2 protein chains.
Amino acid sequence: MTTSGRKPDEGERYKAILETAARLICDRGYEGTSMQEIAAACRMTKAGLYHHIQNKEQLLFAIMNYGMDLFEEQVLSRVQDIVDPVDRLRACMRHNILLVTRGWSKEVIIILHEHATLTGEARAFIDNRKKRYVDFLEEAFSQAAQQGRIRPVDPTIGAFSFLGMVLWVYKWFKPDGRLTDEQIADGMVDLLFPPIVAAAVDGQPGVSSLRVVPRAASGSGSGTEEP
Amino acid sequence: MTTSGRKPDEGERYKAILETAARLICDRGYEGTSMQEIAAACRMTKAGLYHHIQNKEQLLFAIMNYGMDLFEEQVLSRVQDIVDPVDRLRACMRHNILLVTRGWSKEVIIILHEHATLTGEARAFIDNRKKRYVDFLEEAFSQAAQQGRIRPVDPTIGAFSFLGMVLWVYKWFKPDGRLTDEQIADGMVDLLFPPIVAAAVDGQPGVSSLRVVPRAASGSGSGTEEP
DNA sequence: TCTACGACCTACCGACCGGTAGGTAGCATG
DNA sequence: CATGCTACCTACCGGTCGGTAGGTCGTAGA
């Protein structure tokens, strides 16, 4: 099973098909999008589209792999070499939030939404690529806790809390809302990984504590929507 | 527009149809579930099913309203009178996580997953019910910050971080995994609303700080899956 | 016993689904 | 100029989709 699910270097055209299909599937859902519609959006007939892909499920699989490639390129690869585990998590959260909000790659949103659509081998393959991200986060949480940089926390719970905060954003973020994506990223980073100010306890340096700089903390929000 | 989307007190039978349909739609998705299948699961023909409901979209709408009823009954109503805002948030998080993990009401999962399936008035109606929950959380975060019980945070960011952690659970939780739902609830509550141990700074009581009791903080997780 | 009604049924509608058989136009290579 | 190949096309497949017209049957009330 190759990364793209089909013979590689068929070139730009194939990538364009994936991106067009991703746009539609992201809007209408996988089951809610017909091959007819996808073909039309690619300015082809359905039979023409089937010249490039094997079937609908393999198309989704290819889109998801493409999305994982984009994620690894735009998030993982940019933060995995940061030595300090907390800084690594901070940067990772920032990049991941912006990847979701900027909406350049609908493929990533499809990975998030259609988490149970694929079955069998294809499902297992994508789940495995996702799992590598979870492992990466668990490792970072584990290190951070061990070094006393954050409060002790089960790494799995830390990782999935991180992911929930970050990835749930796709369900409610509106680009024209009250909060910009930068503000959301800053706010969430500051919430989960607050800068260290307080003194040490028990011989360790200060751990996940308060800071005194006042930030906006009033008024109930608008511009965003439903949970 | 009534709460159930159809004439009330048609009795238990109607509720049973909603629950059966919810089970199927939760498994296969809204677009992926046919009225034929739903009817069969209700041990009826399709025409028989249509005697009780108006159309597929109204069925989804009724399921979601039913789910919101269950949520308000099992979560909101049990915590909204807790005076202390942090205790209120803690209890709310606990109840909400268990509502998701126990899987008694597939209707709630459908609300989470099919967040963009409804359109028009029905969509607006459900979004409005969701928004009341967001407002409730924002208010609690606002109070907690004002009273110096948590680090200052934009209430919207607090609310959606809370929701992300809690609701994302439906995407990865497996009942037979390494962590029980109780452990996840405890862990997440402790992560976002740590008990106060540290001293005061700037004249306020201790705010969201470290504690010394060691908790498990090693080993990367198994038994759970994909982000 | 007659009537009315709710709760279903059979049988069907037109539209659309994912997918394919088989053809063709254009182009590169020999 | 023949061959082979890619990139499409038209036309069609069997099946299923959401939804409905109109009938049947059991039961409750008059």
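Remember, it's a predicted structure, so these values are computed and weren't measured experimentally.
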Send over the distance from [X] [atom1] to [N] [atom2], rounded to a whole Å.
| X | N | atom1 | atom2 | result |
| --- | --- | --- | --- | --- |
| B/L60 | D/dG18 | CG | P | 13 Å |
| B/M44 | D/dG19 | CE | P | 16 Å |
| A/L49 | C/dT20 | CG | P | 12 Å |
| A/E31 | C/dG18 | CD | P | 9 Å |
| B/Y50 | C/dC9 | OH | P | 15 Å |
| A/Y30 | C/dC17 | OH | C1' | 12 Å |
| B/Q36 | D/dG15 | CD | C1' | 12 Å |
| B/E37 | D/dC17 | CD | C1' | 11 Å |

**Study point:** Any residue meeting salt bridge (Lys or Arg N to Asp or Glu O under 4.0 Å) with B/E37, in chain and number order, not counting sequence neighbours
**Key:**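 Scan of B/E37 (salt bridge (Lys or Arg N to Asp or Glu O under 4.0 Å), adjacent residues dropped) gives B/R28.
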Check your understanding: What side-chain hydrogen bond (donor to acceptor under 3.5 Å, both in side chains) pairs are there with at least one residue in residues 95-109 of chain B, not counting sequence neighbours?
Key ->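 Pairs touching residues 95-109 of chain B that pass the test: B/N96-B/Y133, B/T101-B/D181, B/R102-B/D181, B/R102-B/E182.
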Exercise for review: Check ring-ring contact (aromatic ring centres under 6.0 Å, His included) between B/F162 and all other residues, then give those that pass, not counting sequence neighbours.
Suggested key: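 Applying ring-ring contact (aromatic ring centres under 6.0 Å, His included) to B/F162 gives none.
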Exercise for review: Taking ring-ring contact (aromatic ring centres under 6.0 Å, His included) as the test, write out the residues that go with A/F193, two or more places apart.
Suggested key: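 Once residues adjacent in sequence are excluded, the partners of A/F193 under the ring-ring contact (aromatic ring centres under 6.0 Å, His included) criterion are A/F141.
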Exercise for review: Check whether the side chains of A/Y14 and A/H52 place a donor and an acceptor atom closer than 3.5 Å, and report yes or no.
Suggested key: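 Their side chains do not contain a donor-acceptor pair, so the 3.5 Å distance test is not met.
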Review point. With a 3.5 Å cut-off and no angle check, do the side chains of A/R88 and A/Q143 form a donor-acceptor pair?
Key: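 Note: A/R88 and A/Q143 side chains meet the donor-acceptor criterion.
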Do any side-chain nitrogens or oxygens of [X] fall under 4.0 Å of OP1 or OP2 in [N]?
| X | N | result |
| --- | --- | --- |
| A/R13 | D/dC8 | yes |
| B/H51 | C/dA7 | yes |
| A/T45 | D/dC8 | no |

For nucleotides 11-16 of chain C, which of its nitrogen or oxygen atoms have a protein nitrogen or oxygen under 3.5 Å away, and what is each distance?
none

Throw together a table of side-chain donor-acceptor distances under 3.5 angstrom for residues 17-25 of chain B, partners on residues two or more places apart or in other chains.
unit_1	atom_1	unit_2	atom_2	d
B/E19	OE2	B/Y66	OH	2.6
B/T20	OG1	B/A16	O	2.9

